[in-house]
Amino acid sequence: MNTIYIAEKPDIAASIAAYLWPDEYQRLKDKHCYSKGDNIVTWAYGHILMQAMPEAYDERYRDFKIYPVIPRQWLKEPSPSCKEQFNAIKKMLKNTDIVVNGGDPDREGQLLIDEILEYVGYKGKVTRILINAKDDASMARAFGDIRANGEFKNLYHAGLARERADWLVGMNLSRAYSVNAKKNGIGGVWRIGRVKIATLSLVVQ
């Protein structure tokens, strides 16, 4: 059975490869993965997919004065900086029987691997490994407790809800603030974000 481990980041991929092939993993590495026999270990770079910009839904949204933007069907696309790695993963998945989701053990880690599989339409078996640390004992525990990926569907939905909420707040309030600031003689784009504004408020206080 062909198996591919998809880690959230290159350093976690290196730890997985080192656990699987402790004496030779370094020489098994190429530009996009580690591989030996039927096993491949590859990696994302955090969110290798990104939410599409408003104009991807309708060209009229290039005009900042048009808002709110509330997608009926959400679109994603490969991040330009990660497109080469994404295409490599997509190619690997075509011949893979089992995927091991190696995202960080939280909602973001669950989402960023699941969204790749969803985007490419992967239909094979998916399992989940929960790596909390990279020491030998922690890796052994993680490999001894690989579970069905479906057990973590709620984490995926939580990550997706947070991602979409951030997009809705950022895209729409940035437009609203920018348009209304211009009416009062203040030009430029005012970038508003759910986390950014709260953090700025703490700094000001």
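Position 1 is the first residue of the sequence, and the numbers go up from there. Keep in mind that this is a model prediction, so the values were computed, not measured.
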Can you tell me how far the [atom1] atom of [X] sits from the [atom2] atom of [Y], to the nearest 0.5 Å?
X: Trp74; Y: Leu160; atom1: CH2; atom2: CG; answer: 8.5 Å
X: Met1; Y: Asp38; atom1: CE; atom2: CG; answer: 10.0 Å
X: Leu28; Y: Ser35; atom1: CG; atom2: OG; answer: 6.5 Å
X: Ile186; Y: Ser178; atom1: CD1; atom2: OG; answer: 11.0 Å
X: His32; Y: Glu84; atom1: NE2; atom2: CD; answer: 4.0 Å
X: Ile16; Y: Ile40; atom1: CD1; atom2: CD1; answer: 13.0 Å

Are the side chains of [Y] and [X] in contact, using a 4.5 Å heavy-atom criterion?
X: Asn172; Y: Val69; value: yes
X: Ile6; Y: Leu93; value: yes
X: Pro80; Y: Met50; value: yes
X: Glu108; Y: Glu163; value: no
X: Ser15; Y: Met139; value: yes
X: Tyr34; Y: Trp43; value: yes
X: Pro68; Y: Leu168; value: no

Can [Y] be reached from [X] by stepping across I, L, V, M, F, W or Y side chains whose heavy atoms are under 4.5 Å apart?
X: Val120; Y: Ile89; value: yes
X: Tyr5; Y: Trp21; value: yes
X: Ile12; Y: Tyr19; value: yes
X: Ile4; Y: Phe152; value: no
X: Val99; Y: Leu49; value: yes

[X] atom [atom1], over 12 foreign heavy atoms within 6.0 Å:
X: Asn154; atom1: CG; value: no
X: Tyr177; atom1: OH; value: no
X: Trp190; atom1: CH2; value: no
X: Asp136; atom1: CG; value: no

Would you say the side-chain atoms of [X] pair up with the backbone N or O of [Y], donor to acceptor, closer than 3.5 Å?
X: Tyr45; Y: Ser81; answer: no
X: Thr42; Y: Cys33; answer: no
X: Arg191; Y: Gly170; answer: no
X: Asp135; Y: Ser138; answer: yes
X: Asp58; Y: Pro54; answer: no
X: Ser174; Y: Ile192; answer: yes

Closest contact, heavy atoms only, [X] versus [Y]:
X: Leu20; Y: Val41; value: CD1-CG2, 3.8 Å
X: Gly102; Y: Arg128; value: C-NH1, 4.1 Å
X: Arg175; Y: Asp63; value: NH1-O, 3.0 Å
X: Leu75; Y: Ala56; value: CD1-O, 3.9 Å
X: Ile129; Y: Ala142; value: CG1-O, 3.7 Å
X: Arg147; Y: Asp145; value: NH2-OD2, 3.0 Å

- Message: Evaluate Gln110 against Asn149 for side-chain hydrogen bond (donor to acceptor under 3.5 Å, both in side chains), listing each step before the verdict.
- Response: CA-CA 9 Å; Gln110 188 68 39; Asn149 192 57; 2.9 Å; yes
- Give a yes/no verdict on a cation-pi contact between Lys153 and Tyr156, requiring under 6.0 Å between NZ or CZ and the six-membered ring centre and an angle within 45° of the axis. yes
- Item | Sidechain N-carboxylate O distance under 4.0 Å for Glu118, Lys76 | no
- Flag the pair Lys9 and Asp11 as a salt bridge only when some basic side-chain nitrogen lies within less than 4.0 angstrom of an acidic carboxylate oxygen. no
- For the residue pair Trp167 and Tyr57, does the interplanar ring angle fall in the parallel (under 30°), tilted (30 to 60°) or perpendicular (over 60°) class? perpendicular
